[in-house]
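Note: hydrogens, waters and symmetry copies are ignored here, and every other heavy atom, side chains too, is used. Residue numbers start at 1 and run along the sequence shown.
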Amino acid sequence: MKGKARLDFLLTNGFKANFTFLMSAFAVVLYAQNPTKERELCMFAILFSTVADLVLMDYNKIPGLLFGKKRFYVGMALFGITHVLYTCCFLGKLAGIETFSMNGAILPLIAAMGVFAFSMFFSMYLTSEKKGDFRVAVFTYVVLINAALISMYIYSFATKQIAAAIGITLFLISDMFILVRETKCDTNLVRKLIWIFYPIGQLLIICGV
């Protein structure tokens, strides 16, 4: 019981807001230190994800007033933009590797496609009783995050720097728990797991750029 109580802070908007603001500040500082195009894309990705976090947590009740029942969709769309930016970021980093060859991308591509297939089938199972618009939104989002995952897997394999690959995998796991929460099982444990995997994943991605 004490262990569970120690993790109760993960459920508070105070912790979530402080983390997401600090994460944005970290990305801005890293860009200021090394203002490359990839760092810029990563910075904007983090800023979009911060806004998404604030929307999904209904920060100060403002997103709820603005978006009502569509708040989850708005947050999902903002995170979708985050993953588009991440994909562009790591594709740009791949383009900068002079020795990179697509022949060397086969293994990470197979691994990434395996993750994509699992996450898509798992999403189909979780959303089987949901309305069509919800399912379309979820499937679109799964495609976008897996596009980012593919780019990070290939980059990590090519450079042997695995931080980003681990980070996006943890991010995806966090999102799967969000989907579990929204469809099958909304418990404090599930909510805590979301905010265990997500922060670590985001920080690893930032450090992997």
Side-chain angles (χ1 to χ4, degrees), residues 1-33 39 41-83 85-86 89 119 123 126 137-138 141-142 144-145 148-149 152 162-209:
M1 293 295 292
K2 289 183 178 179
K4 292 182 179 180
R6 290 195 192 100
L7 294 177
D8 282 349
F9 71 91
L10 294 171
L11 303 176
T12 66
N13 278 358
F15 165 76
K16 296 175 185 178
N18 288 336
F19 169 78
T20 200
F21 288 139
L22 287 172
M23 185 173 61
S24 284
F26 183 40
V28 170
V29 169
L30 290 179
Y31 171 68
Q33 292 177 339
R39 278 288 179 198
L41 287 167
C42 178
M43 177 184 69
F44 281 116
I46 295 299
L47 292 174
F48 270 101
S49 68
T50 290
V51 178
D53 286 334
L54 297 177
V55 169
L56 291 176
M57 74 177 71
D58 198 14
Y59 187 68
N60 285 340
K61 305 298 181 182
I62 296 173
L65 291 174
L66 292 174
F67 306 117
K69 295 181 179 180
K70 298 296 183 182
R71 183 166 55 87
F72 184 76
Y73 292 95
V74 173
M76 193 186 304
L78 290 166
F79 270 122
I81 296 172
T82 293
H83 295 308
L85 292 169
Y86 275 151
C89 170
S119 59
S123 299
L126 292 175
V138 168
Y141 178 82
V142 171
L144 292 176
I145 189 173
L149 184 141
M152 292 186 207
I162 64 172
I166 296 174
I168 193 64
T169 303
L170 296 179
F171 200 140
L172 179 59
I173 292 171
S174 170
D175 283 339
M176 291 298 103
F177 277 119
I178 290 177
L179 200 53
V180 169
R181 183 194 70 193
E182 294 296 318
T183 58
K184 300 293 185 181
C185 181
D186 184 3
T187 65
N188 282 347
L189 176 60
V190 171
R191 289 173 176 261
K192 289 175 183 178
L193 287 171
I194 292 167
W195 277 89
I196 289 173
F197 287 104
Y198 171 68
I200 298 172
Q202 281 280 55
L203 289 173
L204 286 172
I205 293 170
I206 297 173
C207 294
V209 176

Can you name the residues that form a side-chain contact (heavy atoms from CB on, under 4.5 Å) with Asn13, not counting sequence neighbours? Lys16, Met57
Sequence-distant partners of Leu22, side-chain contact (heavy atoms from CB on, under 4.5 Å), two or more places apart: none
For Thr12 and Asp8, indicate whether the former's side chain and the latter's backbone hold a donor-acceptor pair under 3.5 Å. no
Check the pair Arg191 / Leu10 against side chain to side chain contact (heavy atoms under 4.5 Å, CB included), numbers first and verdict last. CA-CA 8 Å; Arg191 289 173 176 261; Leu10 294 171; over 6 Å; no
Measuring from atom NZ of Lys192 to atom CG of Leu11, what distance do you get when rounded to the nearest 0.5 angstrom? 5.5 Å
Contacts of Ala77 meeting side-chain contact (heavy atoms from CB on, under 4.5 Å) (sequence neighbours excluded), chain-then-number -> none
Show your working on side chain to side chain contact (heavy atoms under 4.5 Å, CB included) between Val51 and Phe48 and close with a plain yes or no. CA-CA 5 Å; Val51 178; Phe48 270 101; 5.8 Å; no
Partners of Thr183 by side chain to side chain donor-acceptor pair (under 3.5 Å), sequence neighbours excluded? none
Tell me every residue that passes side-chain contact (heavy atoms from CB on, under 4.5 Å) with Val138, counting only those two or more places apart in sequence or in another chain. Met76, Ser123, Thr127, Phe134, Val142, Leu179
Just jot down the ring-ring contact (aromatic ring centres under 6.0 Å, His included) partners of Phe197, sequence neighbours excluded, or say none. Phe177
Distance-only check: which donor-acceptor pairs under 3.5 Å involve side-chain atoms of residues 58-75, not counting sequence neighbours?
residue : atom : partner : partner atom : Å
Asp58   : OD1  : Gly64   : N            : 2.7
Arg71   : NH1  : Val55   : O            : 3.1
Arg71   : NH1  : Leu56   : O            : 2.6

Do the side chains of Asp175 and Ile178 get nearer than 4.5 Å, heavy atoms only? yes
Do Leu126 and Lys184 have side chains that get closer than 4.5 Å, going by heavy atoms? yes
By ring-ring contact (aromatic ring centres under 6.0 Å, His included), which residues pair with Tyr31, not counting sequence neighbours? none
To the nearest 0.5 angstrom, please state how far the CD1 atom of Ile194 sits from the CD1 atom of Ile173. 12.5 Å
Distance check, rounded to the nearest 0.5 Å: Ser24 atom OG versus Leu47 atom CG? 4.5 Å
Shortest non-hydrogen contact from Ala52 to Leu78? CB-CB, 3.6 Å
Ignoring hydrogens and angles, tell me if any N or O in the side chain of Thr169 forms a donor-acceptor pair with the backbone of Ala165 under 3.5 Å. yes
After noting the C-alpha distance and the side-chain angles of Phe15 and Trp195, does the key distance pass the side chain to side chain contact (heavy atoms under 4.5 Å, CB included) rule? CA-CA 10 Å; Phe15 165 76; Trp195 277 89; 3.8 Å; yes
For Ser119, side chain to side chain donor-acceptor pair (under 3.5 Å) partners two or more places apart: Asn146
Decide if atom CD1 of Ile81 counts as having more than 12 heavy atoms of other residues, nucleotides or ligands within a radius under 6.0 Å. yes
Could you tell me which residues satisfy side chain to side chain donor-acceptor pair (under 3.5 Å) with Arg181, sequence neighbours excluded, listed by chain and number? none
Table please: side-chain donor-acceptor pairs of residues 198-209 below 3.5 Å, with sequence neighbours left out.
residue : atom : partner : partner atom : Å
Tyr198  : OH   : Asp53   : OD1          : 3.2
Tyr198  : OH   : Asp53   : OD2          : 2.8
Tyr198  : OH   : Gln202  : NE2          : 3.2
Gln202  : OE1  : Tyr86   : OH           : 2.6
Gln202  : NE2  : Ser49   : OG           : 3.2

